[in-house]
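Start at 1 with the first residue, then count along the sequence. Heavy-atom basis, side chains included; hydrogens, waters and symmetry copies ignored. All values derive from a computational prediction rather than experimental measurement.
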Amino acid sequence: MIVSSHKIATLKRKCMNFSSMTVMTSLGKGRDSYLPQTAQSISAAAQHSPLPVRWIISYSSLDYSNRDLEHLDGICGIDTTLLPIEGPVNAATGRNHAIMHADKKSIMVNCDSDDLFTEERFSMIDITQENTLWLCAADDYVDGEVIPFDTPRGGIWGYPWWEDRVDTHDTTPHFKCHLATLAIPRYLAIKAGGYPALDYMEDSVFVKKVHDICSPHLIVYPHVGYLYRKHKKQSSARDYDKHQLWTTWIS
């Protein structure tokens with residue numbers, strides 16, 4: 001589904017509202033070993049982007065320095081910004097810092113520090129559409145092997161664009177698209193108040209906030225734009241009472 005150079009040129013001529021794609025990545029302690037692969041995937045996807053790509057990496061100055069991450073300069077072939085933050089950084093707070101430091105007319109595109117873009121990722125975003133959220137499918141990436149996505153993941157009740165399902169032994173709501181694949185105009189993210197400072201299901205809560213406050217149009221692509229790396233240290237591998245978290249944060 002890679003967009004042709006002719007179509008990209010056409011989109012550029014039509015687009016008067018957005019100036020760039022800004023990838024937001026929060027780097028947790030001990031997670032930098034994945035970054036070279038993440039960088040290469042963003043670089044490959046940027047070759048098919050209708051807009052310039054900027055990558056903002058937010059990290060705790062307690063855990064890293066610019067010198068620790070200077071190997072990223074030039075590895076992407078795109079504009080990379082290292083954003084040190086005082087104190088701890090989780091996925092949500094790091095994304096909010098990226099949103100506040102992005103170009104005013106950016107489309108914010110999430111990519112966790114241990115995950116990967118496919119080459120089609122940016123070409124799934126229609127830059128001629130305002131007031132819009134874009135989601136794509138995600139395959140799992142386990143020990144260097146891509147596992148095709150066929151299992152619903154934790155999500156939101158009562159949204160019309162997915163076929164909701166609840167497992168017999170899991171009362172957490174589900175839908176079939178992974179919310180970590182969200183791309184959103186910067187002004188909508190700010191209007192909704194940004195990501196909640198949570199370390200689990202922050203994407204689900206954020207999408208609900210955006211929908212309730214901004215009433216955006218949503219485009220869901222069945223194509224795979226994101227490889228979700230599964231490993232023991234990822235936050236979603238922790239032992240949570242998911243039902244209790246859901247009822248506490250959403251209701």
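Side-chain contact between H217 and L133: absent, with no pair of heavy atoms (C-beta onward) separated by less than 4.5 Å. Side-chain contact between T38 and C111 is present, with heavy atoms from C-beta onward closer than 4.5 Å. Taking 4.5 Å as the limit, every side-chain heavy atom of D126 sits out of range of all side-chain heavy atoms of T132. Considering only heavy atoms from C-beta on, P216 comes within 4.5 Å of V210 through its side chain. Looking at Y226 and N110, their side chains come closer than 4.5 Å, going by heavy atoms from C-beta outward. Here the side chains of T118 and L227 are in contact, with some heavy-atom distance below 4.5 Å. In this structure the side chain of P185 reaches within 4.5 angstrom of the side chain of W134, judged on heavy atoms.
Using a 4.0 Å cut-off between a side-chain N of Lys or Arg and a carboxylate O of Asp or Glu, D203 and R95 qualify as a salt bridge. Of the charged side-chain nitrogens involved, at least one lies within less than 4.0 Å of a carboxylate oxygen, so that R31 and D114 count as a salt-bridged pair.
When each of T81, T80, T22 is tested with R54 by the rule side-chain hydrogen bond (donor to acceptor under 3.5 Å, both in side chains), just one qualifies, namely T81. Residue R121 forms a side-chain contact (heavy atoms from CB on, under 4.5 Å) with just one option from I42, L116, V224, V109, and that option is V109.
By the 30° and 60° cut-offs, the orientation of the rings of Y195 relative to F206 is parallel. Ring-plane geometry between H223 and Y221 is classed as tilted, the angle between the planes lying from 30 to 60 degrees on a 0 to 90 degree scale.
Cluster membership check: I78 shares its hydrophobic cluster with F18, using side-chain heavy-atom separations under 4.5 Å among Ile, Leu, Val, Met, Phe, Trp and Tyr. Residues L69 and V89 do not share a hydrophobic cluster, defined by chaining ILVMFWY side chains whose heavy atoms lie under 4.5 Å apart. When the side chains of ILVMFWY residues are joined at heavy-atom separations under 4.5 Å, either directly or via intervening members, L83 and I99 end up in two distinct hydrophobic clusters. At a threshold of 4.5 Å between side-chain heavy atoms, the hydrophobic network of Ile, Leu, Val, Met, Phe, Trp and Tyr places I125 and I56 in two separate groups.
Judged by distance alone, with hydrogens and angles left aside, the side-chain atoms of S123 form no donor-acceptor pair with the main-chain N or O of H48 at under 3.5 Å. The main-chain N or O of N131 is found under 3.5 Å from a side-chain atom of Y187 such that the two form a donor-acceptor pair.
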Query raised in the report: Taking it one step at a time, do I85 and S60 satisfy side-chain contact (heavy atoms from CB on, under 4.5 Å)?
Result: CA-CA 5 Å; I85 300 170; S60 172; 5.8 Å; no

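Between the side chains of Y141 and D115, no donor-acceptor pair is found at a separation under 3.5 Å. In this structure, a donor-acceptor pair under 3.5 Å is absent between the side chains of T93 and N96. In summary, the side chains of S20 and S106 do present a donor paired with an acceptor at a separation below 3.5 Å, with no hydrogens or angles considered.
Separating the CZ atom in R186 from the CE atom in M108 is a distance of 7.5 Å, to the nearest 0.5 Å.
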